[in-house]
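This one's a predicted model, so the numbers in the text were calculated from it and none came from an experiment. Reminder, nothing fancy here: chain letters follow the sequence lines and each chain counts from 1. Values below: every heavy atom of this structure, side chains too, minus hydrogens, waters and symmetry copies.
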Amino acid sequence: AQSVAQPEDQVNVAEGNPLTVKCTYSVSGNPYLFWYVQYPNRGLQFLLKYITGDNLVKGSYGFEAEFNKSQTSFHLKKPSALVSDSALYFCAVRDGGSSGGSYIPTFGRGTSLIVHP
Amino acid sequence: KAGVTQTPRYLIKTRGQQVTLSCSPISGHRSVSWYQQTPGQGLQFLFEYFSETQRNKGNFPGRFSGRQFSNSRSEMNVSTLELGDSALYLCASSLGYTSYEQYFGPGTRLTVT
């Protein structure tokens with residue numbers, strides 16, 4: 001069955017330090033991978049996606065993510081965290097459909113990122 | 001461009017009643033998806049419509065239904081409300097489905113008493 005795991009409920013990082021939010025996935029076919037961010041009292045916003053091509057994907061607000069097929073991971077990273085990055089981050093996967101998998105999008109449980117001044 | 005809009009933003013209903021939620025996608029977007037978000041279950045996919053046809057459906061009972069109109073606007077309906085249906089219902093639109101990113105509305109907060 002298709003699944004997404006975000007192993008950390010919360011990540012704490014000091015402002016200016018690099019941050020990583022982890023995501024691993026399981027799909028039958030080719031993975032379409034997405035990161036979204038949810039700020040307090042606001043809807044989810046798209047950050048970046050991997051469909052095919054370069055394993056390092058760059059997105060909004062200085063975020064990037066690395067697709068690792070052998071480890072079935074798609075970790076979100078940023079070289080220097082800002083206090084304003086504090087939010088809830090969701091990883092999502094869709095099956096690309098190459099192996100009869102489901103097209104249904106599956107979201108992780110979310111990781112709360114807290115950036116301390 | 002205006003974002004995804006959802007109405008109403010807040011709703012209080014009684015068990016056994018039914019409710020209809022509305023979603024207007026971003027102009028030009030032909031795909032609309034619906035999600036239920038709760039603290040316990042997280043974000044769960046309900047269904048997805050593209051060009052007025054349901055393309056995908058999540059694992060929810062038949063009390064949850066939806067439709068999409070020719071202008072891409074969508075509605076979802078929940079009949080015979082249960083206490084467990086209390087949640088934030090999110091609508092998302094995209095240009096297409098599968099490989100396209102989604103743009104989410106602010107949600108409708110449904111409380112069932």
Under 4.5 Å between side-chain heavy atoms, hopping through other hydrophobics if needed: is there a path connecting A/Phe34 to A/Leu76?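 No, it is not one cluster - the side chains of A/Phe34 and A/Leu76 are not joined through contacts under 4.5 Å.
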Closest non-hydrogen atom pair between A/Arg109 and B/Pro39, with its separation: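 Smallest interatomic distance, heavy atoms only, reads NH2-O, 3.4 Å.
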Atom of A/Leu44, atom of B/Phe104 and distance for their closest heavy-atom approach: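 Taking A/Leu44 first and B/Phe104 second, the nearest heavy atoms are O-CB, 3.5 Å.
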Say you draw a straight line from CD of B/Gln44 to OG1 of A/Thr106; how long is it, rounded to the nearest 0.5 Å?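 Output value for this atom pair is 10.0 Å.
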Rounded to the nearest 0.5 Å, how far apart are CG of A/Leu47 and CD of B/Glu101?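 Rounded to the nearest 0.5 Å, the CG-CD separation comes out at 11.0 Å.
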At a heavy-atom separation under 4.5 Å, does B/Leu43 approach chain A through its side chain, its backbone, both, or neither?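 Both backbone and side chain.
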Kindly indicate, with the supporting measurements, whether the criterion side chain to side chain contact (heavy atoms under 4.5 Å, CB included) is fulfilled by B/Gln37 and A/Phe107. CA-CA 11 Å; B/Gln37 187 176 25; A/Phe107 279 73; over 6 Å; no
Parallel under 30°, tilted from 30 to 60°, perpendicular over 60°: which one fits the rings of B/Tyr103 and A/Phe46?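 Aromatic pair B/Tyr103/A/Phe46 classed tilted.
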If you draw a 6.0 Å radius around [atom1] in [X], do more than 12 non-hydrogen atoms from other residues or ligands fall strictly inside?
| X | atom1 | answer |
| --- | --- | --- |
| A/Lys22 | NZ | no |
| B/Asn59 | CG | no |
| A/Tyr50 | OH | yes |
| B/Ile12 | CD1 | no |

Could you tell me if the side chain of B/Asn56 sits less than 4.5 Å from the side chain of A/Arg94, heavy atoms only?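 Result yes, sub-4.5 Å side-chain heavy-atom pair found.
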Can you tell me which portion of A/Phe90 sits under 4.5 Å from chain B's heavy atoms? Options are side chain, backbone, both or neither.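 A/Phe90 touches chain B through side-chain heavy atoms alone.
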In terms of heavy-atom proximity below 4.5 Å to chain B, should A/Gln38 be classed as side chain, backbone, both, or neither?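 Just its side chain gets close to chain B.
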In the hydrophobic clustering that connects Ile, Leu, Val, Met, Phe, Trp and Tyr at side-chain heavy-atom distances below 4.5 Å, which members other than B/Phe47 occupy its cluster, ordered by chain and number?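 Other cluster members: B/Leu11, B/Val19, B/Leu21, B/Val32, B/Trp34, B/Leu46, B/Tyr49, B/Phe60, B/Phe64, B/Met76, B/Val78, B/Leu81, B/Leu83, B/Tyr89, B/Leu110, B/Val112.
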For residues 79-87 of chain A, which side-chain donor-acceptor pairs fall under 3.5 Å, sequence neighbours excluded?
residue, atom, partner, partner atom, Å
A/Ser80, OG, A/Gly16, O, 3.4
A/Asp85, OD1, A/Lys78, NZ, 3.1
A/Asp85, OD2, A/Lys78, NZ, 2.8
A/Asp85, OD2, A/Leu82, N, 2.9
A/Ser86, OG, A/Val83, O, 2.9
A/Ser86, OG, A/Val115, N, 3.0

